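Structure first, then comments.
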Amino acid sequence: MKQKGFTLWFTGLSGAGKTTLSNAVEKELRRLELNVEHLDGDIVRKYLSRDLGFTKEDRGKNIERVTFVASLLTKYGVATLVSFISPYREKREEAREMIGNFVEVYVKCPLEVCEERDVKGLYEKARKGEIDYFTGITDPYEEPENADVVVDTNELNETQCAEAVLDHLEKAGYIDRALDWKTLME
Ligand SMILES: Nc1ncnc2c1ncn2[C@@H]1O[C@H](COP(=O)(O)OP(=O)(O)O)[C@@H](O)[C@H]1O
Ligand SMILES: [Mg+2]
């Protein structure tokens with residue numbers, strides 16, 4: 001079966017679990033021997049979008065660049081994972097339209113819990129007023145209204161969340177894990 005390209009777009013607050021969850025899904029997609037590429041916010045901002053900050057305009061440009069790259073990868077059959085806060089609904093909808101085979105995953109977690117986790121110590125800094133435009137504190141996050149998958153990382157563990165995403169991919173016909181079992185048993 002020829003691999004069908006798709007983009008899995010993870011959106012959510014900082015610390016919600018986008019990177020953790022997309023890494024777990026990526027691992028499974030690689031195990032299934034798909035061609036996989038993962039565009040993560042932190043890495044893209046270090047290379048492709050080094051020149052951009054966090055104003056609405058700059059966030060928009062950042063997402064436009066990622067959308068463009070993801071659309072090319074998807075067109076050439078790659079399983080593309082995109083993990084960005086991507087707080088603006090309009091930009092995510094543009095990505096959906098441009099990319100086509102698009103699966104939006106809302107990595108949901110209450111702000112208080114993200115703040116408690118404070119994986120990178122950024123919430124503490126934002127509360128002290130040391131970071132401008134911090135999503136959830138001094139900048140908006142527009143929740144998805146029609147996400148294809150919603151995973152609540154405060155309710156489910158990492159494996160359960162990853163399974164929910166993989167289940168959806170299977171139902172949507174992008175992956176075939178049964179086939180994988182058959183090959184294993186041969
Ligand atoms: N169900 C879950 N899925 C993903 N991460 C979880 C989950 N439960 C707890 N966590 C923890 O939440 C934190 C999420 O951090 P990270 O993945 O860097 O978030 P983000 O990329 O969204 O900023 C990690 O410390 C992770 O271990
Ligand atoms: Mg991250």
Side-chain angles (χ1 to χ4, degrees), residues 7-31 36-50 52-56 58-67 69-70 73 79-89 91-92 95 102-128 130-145 147-170 175:
T7 287
L8 254 185
W9 189 288
F10 296 83
T11 173
L13 294 170
S14 175
K18 301 177 296 298
T19 298
T20 308
L21 187 53
S22 50
N23 282 340
V25 173
E26 178 184 356
K27 201 169 156 200
E28 176 65 4
L29 297 179
R30 289 194 188 279
R31 199 185 64 78
V36 181
E37 188 55 75
H38 185 178
L39 302 166
D40 186 72
D42 289 345
I43 296 162
V44 167
R45 278 194 172 273
K46 198 166 150 195
Y47 296 100
L48 190 63
S49 295
R50 210 173 25 223
L52 299 177
F54 291 87
T55 59
K56 185 172 185 188
D58 276 7
R59 286 179 190 270
K61 284 185 194 162
N62 187 34
I63 294 304
E64 281 168 21
R65 292 177 192 178
V66 172
T67 297
V69 176
L73 290 167
T80 309
L81 299 105
V82 172
S83 41
F84 284 71
I85 297 176
S86 44
Y88 293 105
R89 202 173 287 134
K91 286 287 159 200
R92 295 192 304 262
F102 184 89
V103 177
E104 186 178 33
V105 181
Y106 178 23
V107 184
K108 193 173 177 181
C109 186
L111 177 67
E112 311 82 74
V113 177
C114 293
E115 196 164 353
E116 181 118 339
R117 288 180 186 165
D118 211 2
V119 193
K120 301 184 209 154
L122 295 175
Y123 282 95
E124 198 185 340
K125 282 192 185 163
R127 287 289 183 198
K128 283 195 209 150
E130 292 169 9
I131 305 177
D132 293 330
Y133 310 107
F134 195 79
T135 303
I137 310 286
T138 47
D139 220 41
Y141 178 76
E142 298 174 357
E143 287 199 307
E145 282 166 346
D148 302 283
V149 189
V150 181
V151 285
D152 189 330
T153 67
N154 191 35
E155 300 284 335
L156 303 176
N157 67 31
E158 192 187 314
T159 311
Q160 292 168 319
C161 292
E163 276 305 314
V165 175
L166 291 159
D167 262 5
H168 179 90
L169 289 180
E170 184 140 44
I175 60 172

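All ligand and atom numbering here is 1-based and tracks the order in the structure. Count residues from 1 along the sequence. The basis for the numbers below is simple: all heavy atoms, side chains too, and nothing from hydrogens, waters or symmetry mates. Just so it is clear, the structure is predicted and the values come from calculations on it, not from any experiment.
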Legend entry - Residue and atom name of the nearest protein heavy atom (relative to atom 26 (C) of ligand 1), distance in Å to one decimal: Thr20 OG1, 3.8 Å
Inset, instruction - May I ask you to test the Thr135-Arg59 pair for a side-chain heavy-atom distance under 4.5 Å? - result: yes
Inset, instruction - Tell me, please, whether Phe102 has Arg92 positioned over its six-membered ring: NZ or CZ under 6.0 Å from the ring centre and within 45 degrees of its axis? - result: no
Inset, instruction - Give the residue and atom name of whichever protein heavy atom lies nearest to atom 19 (O) of ligand 1, and the separation in Å to one decimal. - result: Gly17 N, 3.2 Å
Legend entry - Under the salt bridge (Lys or Arg N to Asp or Glu O under 4.0 Å) test, residues paired with Lys128 that sit two or more places apart: Glu124
Legend entry - Pairs involving residues 111-121, ordered by first then second residue, that meet side-chain hydrogen bond (donor to acceptor under 3.5 Å, both in side chains) (sequence neighbours left out): Asp42-Lys120, Glu115-Arg127, Arg117-Thr153
Inset, instruction - Can you sort out which atoms of ligand 1 are near Leu13, meaning under 4.0 Å from one of its heavy atoms? - result: 22 (O)
Inset, instruction - Taking only heavy atoms of Val119 into account, list the atoms of ligand 1 that are under 4.0 Å away from them. - result: 13 (C), 15 (O)
Inset, instruction - Would you mind telling me if ligand 1 is within reach of the side chain of Thr19, the backbone, both or neither, using heavy atoms under 4.0 Å? - result: both
Inset, instruction - Give the numbers and elements of all ligand 1 atoms closer than 4.0 Å to a heavy atom of Ser14. - result: 23 (O)
Legend entry - Side chain to side chain, Phe54 and Asp132, heavy atoms closer than 4.5 Å: no
Inset, instruction - Would you tell me which option among Arg117, Glu158, Glu155 has the nearest heavy-atom contact to atom 10 (N) of ligand 1? - result: Arg117
Inset, instruction - Only counting residues at least two apart or in another chain, list the ones meeting salt bridge (Lys or Arg N to Asp or Glu O under 4.0 Å) with Glu163. - result: Arg177
Inset, instruction - Evaluate the side-chain proximity of Leu39 to Leu48: yes if any heavy-atom separation is below 4.5 Å, no if none is. - result: no
Inset, instruction - Determine, considering heavy atoms only, which of Gly15, Ser83, Ala162, Cys114 sits nearest to atom 20 (P) of ligand 1. - result: Gly15
Legend entry - Side-chain (Asn23) to main-chain (Thr19) donor-acceptor, under 3.5 angstrom: yes
Legend entry - Whether Asn154 lies under 4.0 Å from ligand 1, heavy atom: no
Inset, instruction - Evaluate whether atom CZ of Phe134 has more than 12 neighbouring non-hydrogen atoms of other residues, nucleotides or ligands under 6.0 angstrom away. - result: yes
Inset, instruction - I would like to know whether Arg31 and Glu28 meet salt bridge (Lys or Arg N to Asp or Glu O under 4.0 Å); could you show each step before the answer? - result: CA-CA 5 Å; Arg31 199 185 64 78; Glu28 176 65 4; 2.9 Å; yes
Legend entry - Atoms in ligand 1 with a heavy atom of Cys161 nearer than 4.0 Å: 1 (N)
Inset, instruction - Select one of side chain, backbone, both or neither to describe which atoms of Leu156 lie under 4.0 Å from any atom of ligand 1, heavy atoms only. - result: backbone
Inset, instruction - Provide the number and element of each atom of ligand 1 under 4.0 Å from a heavy atom of Asn157. - result: 1 (N)
Legend entry - Min heavy-atom dist Gly12 to ligand 1 below 4.0 Å: no
Legend entry - Nearest non-hydrogen protein atom, atom 2 (C) of ligand 1: Thr153 CB, 3.5 Å
Inset, instruction - Output, by chain and residue number, all protein N/O/S atoms separated from the Mg ion (ligand 2) by less than 2.8 Å. - result: Thr19 OG1
